[in-house]
Number of protein chains: 2
Amino acid sequence: MNAGVDDRRSTILRAIIEAYIDAAEPVGSAYLASLPGMRVSPATIRNVMSALEGEGYLHQPHTSAGRVPTEKGYRRYVDELMTSADPGPDRAGQVQGFFAKAHQEIEELLSSTTHLLTRMTDLAAVVTGPSAHRARIVSVQLVALSSRTVVVVVVDANGSVEKRTIVWPGEVDSGQLADIGNALTAHFREREVRDVDSPPRFEDPELDKLGAYAFVAVREAVRDAERDGVFIEGASRIAASFGAVETVRDVISILERHYLVVTLMRSLLSRGQGVAIGSEHGVSSLRECAVVVAPYSVDGVEVGTIGLIGPTRMNYASAIGVANLVSENLSRRLSEG
Amino acid sequence: MNAGVDDRRSTILRAIIEAYIDAAEPVGSAYLASLPGMRVSPATIRNVMSALEGEGYLHQPHTSAGRVPTEKGYRRYVDELMTSADPGPDRAGQVQGFFAKAHQEIEELLSSTTHLLTRMTDLAAVVTGPSAHRARIVSVQLVALSSRTVVVVVVDANGSVEKRTIVWPGEVDSGQLADIGNALTAHFREREVRDVDSPPRFEDPELDKLGAYAFVAVREAVRDAERDGVFIEGASRIAASFGAVETVRDVISILERHYLVVTLMRSLLSRGQGVAIGSEHGVSSLRECAVVVAPYSVDGVEVGTIGLIGPTRMNYASAIGVANLVSENLSRRLSEG
DNA sequence: CCTTGGCACTCGGTAGACTTGATTGCTAAT
DNA sequence: ATTAGCAATCAAGTCTACCGAGTGCCAAGG
């Protein structure tokens, strides 16, 4: 079925990569020959390894060492050699159980989903909230904080609430605020935010001006929401994967810059890639890392992403399996009702 | 003025600690004797160091090494020996400039304050949001998400917005929701949340039941808010401070558990401590860390905390100075208007 | 032509011996 | 009480030797 899976070169490459993922140490021909499925002698294996190295799939740290996979090797493994990423019924059950008991609040749901991911894979996990631009706004309200400041509160159909505090251009009048809130609610209601690009119109020119002002605040609130709804957890889990403290610091430093991580994941998805290995994603501080992404959907529309970040020698099969599994369950959970 | 500052033992202890904070290497008698203020010979200094070690202020890693401060040594330094924690006019200007340009949104303000702290000190920084229980609620609104679910949206006087999604006990009626929202707003308005412990009363028994139900949601929203308004940043900055990757992982793992950090800081403040060193705070994973805390106030009432976390050999004077400076500026910023 | 056993070769890592240098504690002189 | 001098200690660096894992290559065998 899968081209190349059964010829010897591929079998050996796969065995090397799996052994390396397992033990994090260079893999030698003698060990490979001792594996149950292997019917050839170490010498033959050495010939094959030498060829694989020539093609760039393996690397030898020094003459008297075994082989280590290169980025190209991992790539081939992920694309062709890896055995199905089925996470197994126990893990499936664990995830289903989690979503069955999950909390109402969407932020808590996403945050604990991140926790679930990092616990199941021992990798750093990322979950981005449903894109606020694609959400449907259910309510807009203006609340006076003082005689000069007003909070614009926006509730969307996912149940997430955004707000923006603004300096009111004039004296606050609670009747006006209510009118504008109602008009904005009616204006946005049942349309995706990104499709609404002009403010509602009012008869009264004074109201019209204020309404346009509040309209801008709504759009800004939605824009802010894109940035806030990002959950990252598990930096500590991958700390031990890297030898140099330097690398640990670089990686954690990136994980602290949420928007950068989100940008990275989005750009991978938009290129249709589910896995980026080492330098493929172009973030130099993460050159010793691999990233696994999966989108999730609400009512059939992809609105958010799930990601896992770990060392290039992560267990890809497990990571991809869990990411997909969680993505499916999360999509189902958010689409119901 | 400060008992013990001028006798020789104290001078030497202070010099050792400051040198160690600076260079992270054991300090020897020859180096100390070469310091400008020091008028005695290495031999004399050795006698003093030996005495200080006997009293538990210093520790010698091995026979032919210099001395390193113990927790007790740092404690004495912070309590008695440290020279004033005045951060200097340039830093004061930097902080003032920051708050002058700071953003409206309270969450963004606190988040960027955390960023400011970690940048200025190169330590991990924590800022907890103003206690929601002490805030005054300005508005409560009920928004229908579907025929069975309702979002209760709470706006407080700080401009922060909390929400809680609940399953509505009955068919949603938008008129009822508005009435209940208005009643709750009036009920909570201008009182601290923690002082309101009974729901508003309604004539209609149906409304009364629903009102009590929504009232519970408001309280839960406020409780959740305590947990959400925590900002931690700078884990990567202190990664390089620890030799063992193991330690790095432990520390970062604690920093990822926000509520634990908040509990720690609160318990320090409630005991009136501004600094906890090493094992003093009782969190074993942070035994190689010190924590500096400072409360901040809104309108004269302490409502939140600022914290800095770093290795025990952090620069205490700088950390305490910056924490206090930022605390003052943040208090002023949040109290105005 | 592919596979395999044999064998020389390479090189990282470990262990031991030795040296160096930093730093101390002690003692006796000031 | 202070200090100079001095022997003692010990981590860290250097050098050497050696071991062992693992390779590459060659020649023999299927």
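Please read all numbers here as calculations on a predicted model, not as lab measurements. Convention: sequence-line order gives letters A, B, ...; per-chain numbering from 1.
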Scan side-chain atoms only and decide if [X] and [Y] contain a donor-acceptor pair under the 3.5 Å cut-off.
X         : Y         : value
Glu233(A) : Thr114(A) : no
Thr44(B)  : Arg8(B)   : no
Asp250(B) : Thr247(B) : no

Rounded to the nearest angstrom, tell me the gap between atom [atom1] in [X] and atom [atom2] in [N].
X        : N       : atom1 : atom2 : result
Arg39(A) : dT4(C)  : CZ    : P     : 12 Å
Gln60(B) : dA11(D) : CD    : P     : 11 Å
Ile12(B) : dT2(D)  : CD1   : C1'   : 12 Å
His59(B) : dT23(C) : NE2   : P     : 16 Å
Arg8(A)  : dC1(C)  : CZ    : C1'   : 12 Å
Leu32(B) : dT2(D)  : CG    : P     : 16 Å
Arg67(B) : dT23(C) : CZ    : C1'   : 9 Å
His62(A) : dC9(C)  : NE2   : C1'   : 14 Å

What is the nucleic acid contact for Ser64(B), judged by heavy atoms within less than 4.0 Å: base, sugar-phosphate only, or nothing? base
Flag yes if more than 12 heavy atoms outside Phe242(A) fall under 6.0 Å of its CZ atom; otherwise flag no. yes
Residue whose nearest DNA chain D nucleotide is more 5′ - Thr63(B) or Val40(B): Val40(B)
One thing to verify: whether Glu55(B) and Arg9(B) come together as a salt bridge, which I'm taking to mean a side-chain N less than 4.0 angstrom from a carboxylate O. yes
Using heavy atoms and a sub-4.0 Å distance, could you list which residues of residues 43-53 of chain B are near DNA chain C? By number, please. Arg46(B), Met49(B)
Closest heavy-atom pair and its distance - Met265(A), Thr305(A): CE-OG1, 3.0 Å
